[in-house]
Amino acid sequence: MPFPPLKEQLDLITANTVEIITGQELETKINHSLKTRSPLKVKLGADPSRPDLHLGHSVVLRKLRDFQDLGHEAILIIGNFTAMIGDPSGKSKTRPQLTAEEARQNGESYFEQASKILDPKKTTICWNSDWLGAMSFADVIRLSSHCTVARMLERDDFERRYRSGEPISIHEFLYPLAQAMDSVHLKNDIELGGTDQKFNLLVGRDMQREYGILPQVCITMPLLVGTGGVEKMSKSLGNAICFNDLPADMYGRMLSIPDTLITNYCSLLLPPGTADSHQITEESVTDPRTAKRMLARNIVALYYSSEAAEEAESHFDRVFVQKKAPDNIELVKLPHSEITVVDLLVELGAASSKTDARRMIQQKSVLLDEERIEEITASITLSMEPKTLRAGKRKFFRIATEKKG
RNA sequence: GGGUAGGUAGCGAAGCGGUCAAACGCAACAGACUGUAAAUCUGUCGACAUAUGUCUUCGGAGGUUCGAAUCCUCCUCUACCCA
């Protein structure tokens with residue numbers, strides 16, 4: 001397949017980017033690629049310590065996909081080696097270092113999820129343990145001699161932590177270097193990342209130069225804002241929409257974003273050329289509700305299917321607009337026939353403790369077959385006929401006994 | 001190696017001998033409201049029991065005291081300063 005002409009490539013590549021370092025070099029590389037008819041090697045690093053991909057990840061994956069569509073080579077680096085070292089800060093906290101096996105599993109899960117956006121057949125997967133694991137201590141010293149402490153402290157999060165007296169471990173300094181080593185090893189032409197990766201990308205660029213390789217072009221993508229509309233999307237902040245969220249959750253969470261975010265999400269998350277894009281952008285001003293629903297359907301359709309999107313929408317309307325129970329709740333069979341509501345809530349996982357369960361009842365959020373449970377001492381009799389238990393707005397259960405008679 | 005300041009509930013941060021299960025903020029959960037799972041307002045937010053009761057918490061281990069998150073000793077971890 002021939003590569004599209006320069007102009008066309010640049011248009012697609014530069015869309016939505018924050019910074020390209022440098023644009024001039026990018027052009028040169030594309031021209032060279034056209035002349036030699038060889039694809040550019042485009043690198044994207046993946047952190048397998050957190051294999052729950054969310055829409056924030058999709059922004060940069062989407063860009064990698066653009067390169068694939070232009071005929072270039074997409075290289076997904078699974079950072080299984082760096083993940084095995086474990087994340088530094090807060091050793092007092094539970095931050096289990098990944099074993100080789102976990103890192104591999106997570107990496108595979110990462111790839112599987114990323115394949116919802118990338119073309120898996122055209123993606124090259126690399127595990128950085130392959131080369132980083134083979135380095136000797138002497139190699140590491142040689143590598144680190146190419147970078148100064150002052151340079152490291154330029155990175156704004158290091159700088160911030162250093163100033164505010166938070167600990168920085170030496171091996172955190174090694175992270176950007178390890179990532180840079182990936183670029184040295186791969187001799188890639190381009191590296192992608194979020195704006196928060198800018199420093200690391202630049203270290204990779206410098207390091208390639210140090211090792212006598214033509215330096216990579218660094219392309220940074222905007223960080224997606226989370227559903228709260230302020231902070232960047234992140235699993236730990238609880239404002240993320242994950243690839244693996246169920247369609248109904250994904251849809252609902254999409255609707256909870258502030259109206260002002262609609263166009264931003266639309267341009268960053270939907271593939272270029274999505275039919276509804278234009279209409280969503282237009283209606284976001286005149287009729288945000290419709291625009292957002294359309295956007296939410298498109299997102300769900302992207303990760304699942306348009307049928308799933310329709311279903312998610314009707315589920316949402318039923319449960320949250322009309323405030324009815326959903327129609328397809330999973331049936332839970334319990335070995336009891338008589339049980340207190342408190343115990344039942346704990347057993348179903350709706351409450352984290354009995355105290356929590358009592359609280360829910362006191363707050364009048366527990367309904368059995370549409371009837372409010374008023375007493376915290378209440379108990380119910382289960383039969384073979386399923387009953388519907390509702391705890392709060394979102395937790396529904398259908399329960400029955402598995403005992404006969 | 002020496003010094004100084006610290007380690008408090010999921011996180012951040014008050015408390016500095018009893019009235020501390022521990023202020024406050026964030027997160028979370030619930031209720032009201034809404035096109036929404038947003039925003040806003042209200043309430044809850046260690047566990048067990050239930051009418052204001054019991055038990056386990058304030059880095060760890062001991063100690064002083066009728067009584068400690070608060071005082072003492074040792075240990076441990078973190079930051080900064082001096083070597």
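A, B, ... follow the sequence lines: proteins, then strands. Residue 1 opens every chain. No experiment lies behind these values; they were computed from the predicted model shown.
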Suppose we call a contact any N or O donor and acceptor under 3.5 Å apart; does that hold for the side chain of [X] and the base of [N]?
X: A:Lys323; N: B:U34; answer: yes
X: A:Arg253; N: B:A37; answer: no
X: A:Gln363; N: B:G31; answer: no

Query raised in the report: Is the ring centre of A:Phe243 less than 6.0 Å from the ring centre of A:His57?
Result: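 For A:Phe243 and A:His57, the ring centres are not under 6.0 Å apart.
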
Paired with [N] by Watson-Crick or G-U wobble geometry, both distances under 3.5 Å: which nucleotide is it?
N: B:A9; value: none
N: B:A23; value: none
N: B:C71; value: B:G63
N: B:A79; value: B:U4
N: B:A28; value: B:U44
N: B:C16; value: none
N: B:A38; value: none

**Report entry** Closest nucleotide among B:A49, B:C33, B:C48 to the A:Arg358 side chain
**Finding:** B:A49

Query - Nearest-nucleotide pick for A:Arg359, side chain only, options being B:U44, B:C29, B:A37 - result: B:U44

Query raised in the report: Taking RNA chain B as the partner, which of residues 286-297 of chain A come within under 4.0 angstrom of it by heavy atom?
Result: A:Arg289, A:Lys292

Please measure how far the [atom1] atom in [N] lies from the corresponding atom in [M], and state the result in whole Å.
N: B:C16; M: B:C33; atom1: P; value: 43 Å
N: B:C48; M: B:A37; atom1: C1'; value: 32 Å
N: B:C81; M: B:G15; atom1: C1'; value: 28 Å
N: B:C45; M: B:A79; atom1: C1'; value: 32 Å
N: B:A21; M: B:C71; atom1: C1'; value: 22 Å
N: B:C55; M: B:A22; atom1: P; value: 15 Å
N: B:A13; M: B:C26; atom1: C1'; value: 11 Å
N: B:U8; M: B:G46; atom1: C1'; value: 14 Å

Please state whether the phosphate of [N], meaning OP1 or OP2, lies under 4.0 angstrom from any side-chain nitrogen or oxygen of [X].
X: A:Thr355; N: B:C48; value: yes
X: A:Ser353; N: B:C48; value: yes
X: A:Lys354; N: B:A49; value: yes

Query raised in the report: Does the distance from a Lys or Arg side-chain N to an Asp or Glu carboxylate O, for A:Asp369 and A:Arg390, drop under 4.0 Å?
Result: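 No, this pair does not count.
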
Select base, sugar-phosphate, or nothing to describe what [X] touches, counting heavy atoms under 4.0 Å on all strands.
X: A:Gly252; result: base
X: A:Asp259; result: base
X: A:Ala350; result: nothing
X: A:Ser365; result: sugar-phosphate

**Report entry** Lys/Arg cation over aromatic A:Phe67: A:Lys122, 6.0 Å, 45° cone
**Finding:** no

Starting from [atom2] on [N], measure out to [atom1] on [X] and report it in whole angstrom.
X: A:Leu255; N: B:A39; atom1: CG; atom2: P; result: 14 Å
X: A:Asp356; N: B:A47; atom1: CG; atom2: P; result: 7 Å
X: A:Gln322; N: B:U36; atom1: CD; atom2: P; result: 11 Å
X: A:Phe316; N: B:G35; atom1: CZ; atom2: C1'; result: 8 Å
X: A:Ile241; N: B:A38; atom1: CD1; atom2: P; result: 12 Å

**Report entry** A:Ile219 side chain near A:Val42 side chain, heavy-atom distance below 4.5 Å
**Finding:**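 No, every pair of side-chain atoms sits at 4.5 Å or beyond.
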
Requested in this report: Determine whether A:Lys198 and A:Glu19 make a side-chain contact, defined as any pair of heavy atoms from C-beta on separated by less than 4.5 Å.
Outcome: yes

Report task. Report the C-alpha separation of A:Gln179 and A:Thr82 in whole Å, then their side-chain angles, then the decisive distance to 0.1 Å, and conclude whether the side-chain hydrogen bond (donor to acceptor under 3.5 Å, both in side chains) test is met. Result -> CA-CA 8 Å; A:Gln179 192 170 327; A:Thr82 31; over 6 Å; no

**Report entry** Trace of the side-chain contact (heavy atoms from CB on, under 4.5 Å) decision for A:Asn298 with A:Arg293
**Finding:** CA-CA 9 Å; A:Asn298 268 283; A:Arg293 287 167 68 96; over 6 Å; no

Requested in this report: Answer yes if the side chains of A:Gln68 and A:Thr123 hold a donor-acceptor pair under 3.5 Å, and no otherwise.
Outcome: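 The answer is yes; a qualifying pair exists.
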
Report summary line: Whichever of A:Phe320 and A:Val342 has the more 5' nearest nucleotide on RNA chain B, that residue is A:Phe320

Report task. Determine which pairs satisfy ring-ring contact (aromatic ring centres under 6.0 Å, His included) with at least one residue from residues 331-379 of chain A, sequence neighbours left out, and list them in order. Result ->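 Qualifying pairs: none.
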
Report task. Please identify each residue that fulfils ring-ring contact (aromatic ring centres under 6.0 Å, His included) with A:Trp127, with sequence neighbours left out. Result -> none

